Amino acid sequence: MRGSGIFCVILGIVAAVAAGAAAAQGTAWKPTGNVEIGVASGAGGASDRSARLLQKLLLQTALFQTISVANRPGGGATVAWTYVSQRAGDPHYLATFSSTMLTNHALGVGTLSYRDFTPLSILIREYPMIVVKAGSPISSTKELAARLKKDPASVSFSFAASRGNHNHILIGMIAQAAGAEAKSTKVVIVKSAGEGTSQVLGGHVDAYIGTLGTLAPLIESGQLHALGISAPGRQPGKGAAIPTFREQGFNAVYSSWRGFIGPKGLTPAQTAFWDQAFTRVVQAEDWKKDLEDNAWAEDFHGSSETPRLLESEEMLIAKMLSDLGFLSK
């Protein structure tokens, strides 16, 4: 009897292990068709470049059949996000997202928040900067500040892709440091970096706010002049010659993060797959090289950490928008 009891226990353990293995196999997931990455801006900007690099690196693995990138600019990025939000439970659809999602929601520009999605990752941080056309009468941040102090609406700024985003916050910080009313500045919203830089080069606006990775070629060619960058210190590589606002006497240190979201309702197995995929990407040498080429700061967070980070960022952004006069206190 005793031997029979032990045998039954052993059989039970084996059955449990087998059931667990079967369950694990049953819950494993990988793409069964094309994966689409939606970009919440036009071609050429930081979101577009990060999506296309992700596409390239993921296709180098055996995990994917095909991956497409679809640019869906418009509505302050809400066009791309709405498209993904309508595909609840389908892990074949991703979209780029950034701190713009939080500012849109805080300002009432859009109704969608990160809680309407499955936040999958934050990959990078980047520092916005202000550039003017070469030969512009505004040749330094001090000259810019003097004009803003005299008349906040005397300088026109363009940026992508929605009012109140990280680029807009930087304008507000500079205006505030100059003693001007941040909400009185003149801004022009564009769909992409290409459109914004064309406006500056064509003399239609005075300044453009964007990121070093996008603007470096035009700065290096001498077509644009960089007034400053919102980093805490000089950036390596392409940013080495660009002064920070801080070193010019302006307390304007700010960064934006970028990452990827999926539709709401993804299963733990589907989220785990994307965690594995993003982990592979940030370990790739091509990814590290592109971080340097685009002047991006690596700031990787997976699906378990990202919602907590977004919650703290949401409170920080609401405070900054309120302090700058973009929100009612």
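All values reported here derive from a predicted model rather than from experimental measurement.
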Q) So, for Ile189 and Ser162, which heavy atoms are closest and what is the spacing to 0.1 Å? A) CG2-N, 3.8 Å
Q | Residues forming a side chain to side chain donor-acceptor pair (under 3.5 Å) with Asn71, sequence neighbours excluded | A | Asp48, Arg52
Q: Tell me, yes or no, whether the heavy-atom count around Lys238 atom NZ, taken from other residues, nucleotides or ligands under 6.0 Å, exceeds 12.
A: yes
Q. How would you list, by chain and number, every residue that makes a side chain to side chain contact (heavy atoms under 4.5 Å, CB included) with Ser41, sequence neighbours excluded?
A. Val39, Ser47
Q | Between Phe159 and His168, ring centroids under 6.0 Å | A | yes
Q) CG of Leu57 to CD of Gln55: how many Å apart, nearest 0.5 Å? A) 10.0 Å
Q.
Rounded to the nearest 0.5 Å, what separates atom CG in Asp275 from atom OG in Ser304?
A. 6.5 Å
Q) Relative to the ring of Trp287, is the ring of Trp296 parallel (under 30°), tilted (30 to 60°) or perpendicular (over 60°)? A) tilted
Q: Would you mind reporting whether Met320 and Met173 have side-chain heavy atoms less than 4.5 Å apart?
A: yes
Q. Does the side chain of Phe157 come within less than 4.5 Å of Asn167's, by heavy atoms?
A. no
Q) Are the side chain of Thr271 and the backbone of Pro268 linked by a donor-acceptor contact shorter than 3.5 Å? A) no
Q: Please step through side-chain contact (heavy atoms from CB on, under 4.5 Å) for the pair Arg308 and His301, ending with a clear verdict.
A: CA-CA 10 Å; Arg308 293 194 297 270; His301 300 271; over 6 Å; no
Q: Check side chain to side chain donor-acceptor pair (under 3.5 Å) between His105 and all other residues, then give those that pass, not counting sequence neighbours.
A: none
**Q.** side chain to side chain donor-acceptor pair (under 3.5 Å) partners for Thr141, two or more places apart
**A.** Gln248
Q. If every non-hydrogen atom of Leu120 is compared with every non-hydrogen atom of Gly262, which pair is closest and at what distance?
A. CD1-N, 3.7 Å
Q) Among the clusters formed by ILVMFWY side chains lying less than 4.5 Å apart, do Ile229 and Val132 turn up in the same one? A) no
Q: Determine which pairs satisfy salt bridge (Lys or Arg N to Asp or Glu O under 4.0 Å) with at least one residue from residues 108-130, sequence neighbours left out, and list them in order.
A: Arg115-Glu314, Arg125-Asp299, Arg125-Glu313, Glu126-Arg258
Q) Counting N and O atoms only, with roles assigned by atom type, does the side chain of Ser121 sit under 3.5 Å from a partner on the main chain of Leu123, one being a donor and the other an acceptor? A) no
Q.
Is there a path of hydrophobic side-chain contacts, each under 4.5 Å between heavy atoms, that joins Leu291 and Leu53?
A. yes
Q) Residues two or more places apart in sequence or in another chain: which of them pass side chain to side chain donor-acceptor pair (under 3.5 Å) with Gln223? A) Ser221
Q. Which heavy atom of Ala175 sits nearest a heavy atom of Ala182, and at what distance?
A. CB-CA, 4.0 Å
Q) Under 3.5 Å, side chain of Thr96 to main-chain N/O of Ala40, donor-acceptor pair present? A) yes
Q: Would you check if Phe117 and Met101 make a side-chain contact, meaning some heavy-atom pair closer than 4.5 Å?
A: yes
Q.
Under 4.5 Å between side-chain heavy atoms, counting indirect links through other Ile/Leu/Val/Met/Phe/Trp/Tyr residues: same cluster for Leu148 and Phe326 or not?
A. no
Q: Go through the steps for Phe97 and Leu310 under the test side-chain contact (heavy atoms from CB on, under 4.5 Å), then give the verdict.
A: CA-CA 11 Å; Phe97 85 128; Leu310 293 175; 4.0 Å; yes
Q: Return the minimal non-hydrogen interatomic distance between Ser158 and Gln199, and the atom names on each side.
A: CB-OE1, 3.4 Å
Q) Who pairs with Ser68 by side chain to side chain contact (heavy atoms under 4.5 Å, CB included), at least two apart in sequence or on another chain? A) Asn34, Glu36
**Q.** Under 3.5 Å: donor-acceptor pair, side chain of Glu247, backbone of Phe245
**A.** no
Q.
Would you say Ile174 ends up clustered with Val155 if hydrophobic residues are merged whenever their side chains have heavy atoms under 4.5 Å apart, either directly or through other cluster members?
A. yes
Q) Yes or no on side-chain contact (heavy atoms from CB on, under 4.5 Å) for Phe260 and Ser50, after CA distance, side-chain angles and deciding distance? A) CA-CA 10 Å; Phe260 292 86; Ser50 64; 4.3 Å; yes
Q. Can you name the closest pair of heavy atoms from Ala43 and Ser192 and give their distance?
A. O-CB, 4.2 Å
Q) So Trp29 and His92, would you call those rings parallel, tilted or perpendicular, with 30° and 60° as cut-offs? A) perpendicular
**Q.** Lys56: partners by salt bridge (Lys or Arg N to Asp or Glu O under 4.0 Å), with sequence neighbours left out
**A.** Asp286
Q: Evaluate the side-chain contact (heavy atoms from CB on, under 4.5 Å) criterion for residues Val200 and Val131: first the C-alpha distance (whole Å), next the side-chain angles of each, then the deciding distance (0.1 Å), finally the verdict.
A: CA-CA 9 Å; Val200 174; Val131 295; 5.5 Å; no
Q.
Would the distance check show the side chain of Trp274 and the main-chain N or O of Pro91 forming a donor-acceptor pair, the cut-off being under 3.5 Å?
A. yes
Q: Determine whether Ser303 and Phe278 make a side-chain contact, defined as any pair of heavy atoms from C-beta on separated by less than 4.5 Å.
A: no
**Q.** Closest approach of Thr103 to Thr100 (non-hydrogen atoms, all atoms of both residues)
**A.** OG1-O, 3.0 Å
Q. To the nearest 0.5 Å, how far apart are CG in Leu316 and CG in Leu102?
A. 9.5 Å
Q. Heavy-atom count around Glu292 CD within 6.0 Å, excluding the residue itself: above 12?
A. no
Q. Distance-only, no hydrogens or angles: does the Ser230 side chain make a donor-acceptor pair with backbone N or O of Ala252 under 3.5 Å?
A. no
Q: Determine whether Val109 and Val79 fall in the same hydrophobic cluster, where Ile, Leu, Val, Met, Phe, Trp and Tyr are linked whenever their side-chain heavy atoms lie under 4.5 Å apart.
A: no
Q. Roughly how far apart are Leu321 CG and Leu107 CG, rounded to 0.5 Å?
A. 5.0 Å
Q: List for me each residue that meets side chain to side chain contact (heavy atoms under 4.5 Å, CB included) alongside Ser139, sequence neighbours excluded, and say none if there are none.
A: Glu143
Q. Under 4.5 Å between any side-chain heavy atoms of Leu224 and Leu201, yes or no?
A. yes
Q. Hey, are the side chains of Lys288 and Glu285 touching, using non-hydrogen atoms and a 4.5 Å cut-off?
A. yes
Q: Drop me the distance from Ile242's CD1 to Ile130's CD1, to the nearest 0.5 angstrom.
A: 12.5 Å
Side chains of residues 207-220: which donor-acceptor partners sit under 3.5 Å, not counting sequence neighbours?
from, atom 1, to, atom 2, distance (Å)
Thr214, OG1, Arg49, NH1, 2.6

Q.
Using side-chain heavy atoms (C-beta onward) and a distance below 4.5 Å, is Val188 in contact with His204?
A. no
Q: Evaluate the side-chain proximity of Lys142 to Phe250: yes if any heavy-atom separation is below 4.5 Å, no if none is.
A: yes
(Q) Within the supplied structure, the quantity of interest is the number of heavy atoms (other residues, nucleotides, ligands) at a distance under 6.0 Å from Glu311 CD; does it exceed 12? (A) no
Q. Roughly how far, to the nearest 0.5 Å, is the OG atom of Ser184 from the CG atom of Asp151?
A. 9.0 Å
Q) Donor-acceptor pair, Ser322 side chain versus Ala318 backbone, under 3.5 Å? A) no
(Q) According to salt bridge (Lys or Arg N to Asp or Glu O under 4.0 Å), who are the partners of Lys264, at least two apart in sequence or on a separate chain? (A) none
Q) Tell me the salt bridge (Lys or Arg N to Asp or Glu O under 4.0 Å) pairs involving residues 73-93, sequence neighbours left out? A) none
